[in-house]
A.B. asks: 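Before I ask anything, let me first share the structure, which is written out below as structure tokens.
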Amino acid sequence: MSHFLNELNPVQRAAAKTTEGPVMIIAGAGSGKTRVLTYRIAHIMEKGVDAFNILSLTFTNKAAREMKDRIAKIVGPTEAKNIWMGTFHSIFAKILRIEANKIGYPNNFTIYDTDDSKSVIKEILKQFNLDDKTYKPSMVLNRISDAKNKLISATQYLNNPITQQEDFSSRKPMLGKVYEAYQKRNFKAGAMDFDDLLYQTNILLRDFPDVLLKYQNKFRYILVDEYQDTNFSQYVIIKQLAARFQNICVVGDDAQSIYGFRGANIQNILNFEKDYPDLQTFKLEQNYRSTKNIVGAANQIIANNKDQFKKIVFTDNEEGQKLKVIKASTDNEEGKKVVDSIFEIRMQQQAMNSHFAILYRTNSQSRAFEEAFRRLNIPYKIYGGVSFYQRKEIKDLLSYFRLTINNSDDESLKRIINYPARGIGQTTLDKLTVSAAEHDISIFTVLTNLKDFNLGINAGTTNKINDFVMQIKSYSLTVKYKDAYELANHIAVNTGIVKELYSDKTPEGVSRYENIQELLNGIKDFVEQKRTPQEEEVNDIIKQSLVKDESQLFAEQSNNDLKTLDEFMQEITLLTDVDKESDDERNADKVSMMTVHASKGLEFPYVYVVGLEENLFPSQLSITSRADLEEERRLFYVAVTRAEKQAFLCFATMRYRFGNVTYCEPSRFIEEIDSTFLEYPQVAETPTFNDNLFDKFRNDYSDISEKETSFNTTSINFGGAKKTNPGINFTPAKKLVSLTSRLNSPSASPVDVSLNQSLQLNDFVMHEKFGRGQITILEGKWPETKATINFEGNGTKNLLLKFARLSKI
DNA sequence: AGCCCCGGTGAAGTC
DNA sequence: CACCGGGGCT
């Protein structure tokens, strides 16, 4: 037996050594499962299996990277790189790149993110004349997503009396039709949404037995991490791929299943035995991460759930500190107390900032902590929230990239056809969209053959469209023979985006410009990294499978080592929040803040679980159903088990939510832990309503309360209060003007502004808002005539005569 | 064509 | 409070 396996405990070692046949590893929190997976893969390779025949599915790309690094230390870096390892989405996106043509998609298909998907849905709703309040796009998308993750096609959906009945009684009978149109439209655009990456993989493996056989033979050893969070679609893919050799190893912990809301099915793990009767099961129950107090408390938490595998997690680690309960009266005070505690421990224990994590239920909770950190000058980083890639300027530029790569991508085209402004307006775009839909082709196809469609677009606009088409085509032609950075930079400059943002010197403009630069720098880094062996493999295969046509000549002439823009785009869409962290950020000594969901798989010496209040954690959306509440409890279990040395449970009795203050009860989850594991605040505060509650608020919201004197005692609402300053009578000038004008002319009669055509220099005019004035400058030809008018008491205004309501005096 | 202001409305977690 | 879509204004 090789020496690295000796580092494992007996159960771990047995699990790592059982390489043949179906294996299930139930791995409690902190039980060293990554270590087992790592050694298991190393062991498989040591037995002579080629790394290219191993498929390992992880929850984040970061986890894959770390595991590869660890395997590299055992088997050497070259071999480790050859393992197919990554998230479900990124691995099967790669396979779909290779096989896309078989199911009718182009190899360079676009991946739509949630925003794109919603935008497609909105348009379909418009087309079907459906009210987007009844059919909320996010709800429609969820419903479609659910169906796809259960492998229900649009046709099956429409033919299923149960779903039809459901939709009918919820007064959304058209959902099936919307689903059908959505799939059709995305197909036409050569686009897949996130769920399609799994759904279409299933179609591929189902309809092409030769393809299935190819990948069954390729992936002789399959490992799936975080198996408890797989959905039906993923389950079927795995089952299909493993059917031939049955060397399938799934690792998971039913106690940590927290993605039910996106279709994860805890039954996948509970039923694994039924699928593979000769299954061998290993339970890793020894926790190496946390103290006895943390493990004990976590066990008690999860014991409240009915639906679970029985296992006993234990640890030989030290007793450690009790879990400390921190009680605050407001959300802001919670922020202060937590940050003070971090400050104190950092000093006393010589801890680093990066040893601390704050975990919350919802992203919006981060604000109070940010403010507190800034006050004490403690560096922090936030995972998730509004992503860099969601920013307008970034999405705009990325849309150019996407359209360049895939001309059929209508979503991208619509976003940028008139950005920067080039005089192709909504009216024109509507004509184009309608025409494309009628002929069942992409908008870009309509653009390239504009003269055949007779859309009544005038000559000027036609020219502008032709320029746009030429511009995009010129980019598209170079995708394969320019590197990603060169092309991206060219597009950024050539479109005028860089110039436009550079000339905007407002703080927002400067930040937008910097973001573009950051994106371009990121692309530069990408170009400088070498391809992984999988990427090489995918590249080679795609090239062989390509139809030889003119554009392919370019591809063949292209330099193979060039990393291209389409490769970059493939990579970034599928990054998780944790993956998006840059190297600099990763190494920076900062406190981490994230949702509990994002914290899965991570560990920190000190963890603060915050906002432990009824209706927040557990969320109010979960407390009516047993299943949801149990998932919520598992989420709490995940949060607590991230901690190595000490966990803190924090709550506030009042919280600023939805613009006003709400009163909160401590979470039931705290009470579920036996008090022997807990340390409560020493001074028992029992604030009652008259117990200087307002003073509390004055301190917490000092910037408001110093000036705001009239509290409403029955409902304390600070909504908008921050903007009001009673000391200075602050009413925006413009508002005042429009108010007085409304008072002065309550029923302004419509004016025929073409009368303005006859106005001349130095004429006196009357304006309904600005009053009496004299024309000092007239420029431009009607109807573009612009007048500069000096109004008495209201200063000089520049007005377009065709719009301005003027009368001559 | 594009900006601005208003009012209505919504807010869990994610690849 | 933050985001949005609609409508009015220039």
Side-chain angles (χ1 to χ4, degrees), chain A residues 58-61 86-93 111-114 117 122 132-133 136-138 141-142 145 149 192-198 229-231 233-234 258-264 359-365 367 383-387 418-419 421-428 572-580 594-600 611 615-622 628 631-632 634-635 638 656-661 717-723 732 734-735 737-738 741-742 748 753 767-770 784 786-787 789 797-806:
Chain A
T58 56
F59 202 71
T60 63
N61 291 298
T87 62
F88 268 91
H89 288 88
S90 60
I91 292 285
F92 294 110
I111 298 172
Y112 277 174
D113 65 20
T114 309
S117 299
K122 273 183 206 158
D132 64 1
K133 296 208 167 54
K136 278 193 209 143
S138 57
L141 183 61
N142 271 338
S145 172
N149 285 328
M192 297 200 197
D193 66 14
F194 289 132
D195 304 312
D196 277 326
L197 295 175
L198 307 171
D229 284 325
T230 53
N231 59 36
S233 185
Q234 291 166 319
I258 55 173
Y259 281 96
F261 69 90
R262 67 169 200 216
L359 307 182
Y360 34 74
R361 183 64 182 81
T362 66
N363 279 310
S364 60
Q365 288 168 254
R367 174 173 294 184
Y383 295 81
V386 178
S387 152
N418 201 32
Y419 177 81
R422 47 170 74 85
I424 306 174
Q426 195 56 51
T427 323
T428 307
I572 59 162
T573 326
L574 297 174
L575 296 181
T576 67
D577 282 337
V578 184
D579 294 332
K580 281 171 192 155
M594 66 188 88
T595 61
V596 184
H597 282 91
S599 77
K600 195 170 78 160
N615 296 327
L616 180 58
F617 198 175
S619 144
Q620 74 258 33
L621 298 168
S622 73
D628 286 353
E631 177 153 319
E632 207 76 6
R634 292 193 293 271
L635 194 58
V638 168
Y656 196 40
R657 273 181 100 186
F658 309 140
N660 48 42
V661 168
N717 189 332
F718 288 113
K722 278 194 178 179
K723 279 189 182 158
K734 273 191 180 171
K735 206 170 178 178
V737 167
S738 69
S741 74
R742 230 175 281 164
V753 292
H767 186 274
E768 61 175 19
K769 250 177 227 167
F770 305 128
E784 303 302 324
K786 228 192 268 178
I789 304 172
K797 308 275 174 199
N798 289 311
L799 303 175
L800 267 176
L801 285 187
K802 69 174 170 186
F803 290 128
R805 294 177 169 191
L806 298 169

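Below, chain A is the first sequence line, B the second, and so on; all start at residue 1.
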A.B. asks: B/dG13, OP1 or OP2 - any side-chain N/O from A/Asn363 closer than 4.0 Å?
C.D. replies: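 Yes, within the criterion.
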
A.B. asks: Is A/Thr114 touching bases, backbone alone, or none of the nucleic acid, heavy atoms closer than 4.0 Å?
C.D. replies: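 Base, at least one base heavy atom under 4.0 Å.
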
A.B. asks: Grab the CG-P distance between A/Asp193 and B/dT14 for me, whole Å please.
C.D. replies: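 Value for this atom pair: 18 Å.
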
A.B. asks: Once you round it to whole Å, what is the distance between C1' of B/dC15 and CZ of A/Phe194?
C.D. replies: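 After rounding, the gap between these two atoms is 5 Å.
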
A.B. asks: Give a yes/no on whether any side-chain N or O of A/Arg422 is located under 4.0 angstrom from OP1 or OP2 of B/dA1.
C.D. replies: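 No, A/Arg422 has no side-chain N/O under 4.0 Å of OP1/OP2 on B/dA1.
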
A.B. asks: Select base, sugar-phosphate, or nothing to describe what A/Phe88 touches, counting heavy atoms under 4.0 Å on all strands.
C.D. replies: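 Nothing, no nucleic acid heavy atom in range.
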
A.B. asks: Kindly indicate whether the side chain of A/Tyr259, heavy atoms from C-beta on, has any atom under 4.5 Å from the side chain of A/His597.
C.D. replies: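 Of all side-chain heavy-atom pairs linking A/His597 with A/Tyr259, at least one is under 4.5 Å.
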
A.B. asks: Select one nucleotide: of B/dG2, C/dA2, B/dT14, the one nearest the side-chain heavy atoms of A/Asn418.
C.D. replies: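 Between B/dG2, C/dA2, B/dT14, the one nearest the side chain of A/Asn418 would be B/dG2.
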
A.B. asks: Given that A/Thr428 and A/Tyr259 both sit by DNA chain B, which one's nearest nucleotide is further toward the 5' end?
C.D. replies: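 Final value for this comparison: A/Thr428.
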
A.B. asks: Taking only side-chain N and O atoms of A/Ser90, does any of them lie within less than 4.0 angstrom of OP1 or OP2 on B/dC15?
C.D. replies: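 False: A/Ser90 side-chain N/O out of range (4.0 Å or more) of B/dC15 OP1/OP2.
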
A.B. asks: With rounding to the nearest 0.5 angstrom, report the CZ to CZ distance, A/Phe59 to A/Phe88.
C.D. replies: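 Interatomic distance, A/Phe59 CZ to A/Phe88 CZ, rounded to 0.5 Å: 10.0 Å.
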
A.B. asks: For the residue pair A/Ser619 / A/Ser622, report whether a side-chain donor-acceptor contact shorter than 3.5 Å exists.
C.D. replies: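 A/Ser622 vs A/Ser619: no donor-acceptor pair found between side chains.
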
A.B. asks: If you check the A/Leu621 side chain, which of C/dG5, B/dA12, B/dC15 turns out closest?
C.D. replies: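 Between C/dG5, B/dA12, B/dC15, the one nearest the side chain of A/Leu621 would be B/dA12.
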
A.B. asks: Return the value, rounded to whole Å, for the distance between atom NE2 of A/His597 and atom C1' of B/dA12.
C.D. replies: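 Between C1' of B/dA12 and NE2 of A/His597: 8 Å.
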
A.B. asks: Measuring from the side chain of A/Ser619 (C-beta onward, heavy atoms only), which nucleotide among C/dC1, B/dG10, B/dA12 has the closest atom?
C.D. replies: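 Selected nucleotide: B/dA12.
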
A.B. asks: Are the side chains of A/Leu635 and A/Phe617 in touch, meaning some heavy atoms are under 4.5 Å apart?
C.D. replies: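 Yes; the side chains approach each other to less than 4.5 Å.
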
A.B. asks: Just how far, in rounded Å, is C1' of B/dC15 from CG of A/Asp195?
C.D. replies: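 Between C1' of B/dC15 and CG of A/Asp195: 8 Å.
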
A.B. asks: Want to settle it: does A/Arg361 or A/Thr573 sit nearer the 5' end of DNA chain B, counting the closest nucleotide to each?
C.D. replies: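 Counting from the 5' end, the first nearest nucleotide belongs to A/Arg361.
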
A.B. asks: Could you tell me how far apart A/Tyr360 (OH) and B/dA12 (P) are, to the nearest whole angstrom?
C.D. replies: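 These atoms are roughly 15 Å apart.
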
A.B. asks: A/Ala598 has a side chain; which of B/dT14, B/dG2, B/dC15 sits nearest to it?
C.D. replies: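 The answer is B/dT14.
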
A.B. asks: The side chain of A/Thr362 is closest to which nucleotide in this list: C/dG5, B/dG13, B/dC15?
C.D. replies: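 Per side-chain heavy atoms of A/Thr362, the pick is B/dG13.
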
A.B. asks: Just the rounded figure in Å: distance from P of B/dG13 to CD of A/Gln620.
C.D. replies: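 Checked: the CD to P distance equals 12 Å.
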
A.B. asks: Would you say A/Phe261 stacks on B/dA12, if stacking means ring centres under 5.5 Å apart and planes within less than 30 degrees?
C.D. replies: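 By the stated criterion, A/Phe261 and B/dA12 do not stack.
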
A.B. asks: In this structure, how many angstroms lie between the P atom of C/dA2 and the CD atom of A/Gln365, rounded?
C.D. replies: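 Distance, rounded to whole Å: 16 Å.
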
A.B. asks: Of the options A/Thr595, A/Asp229, A/Val578, which is the one that meets A/Lys600 in a side-chain contact (heavy atoms from CB on, under 4.5 Å)?
C.D. replies: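 That would be A/Asp229.
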
A.B. asks: Expressed as a whole number of angstroms, how long is the span from A/Phe59:CZ to B/dT14:C1'?
C.D. replies: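 Rounded to whole Å, this separation is 8 Å.
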
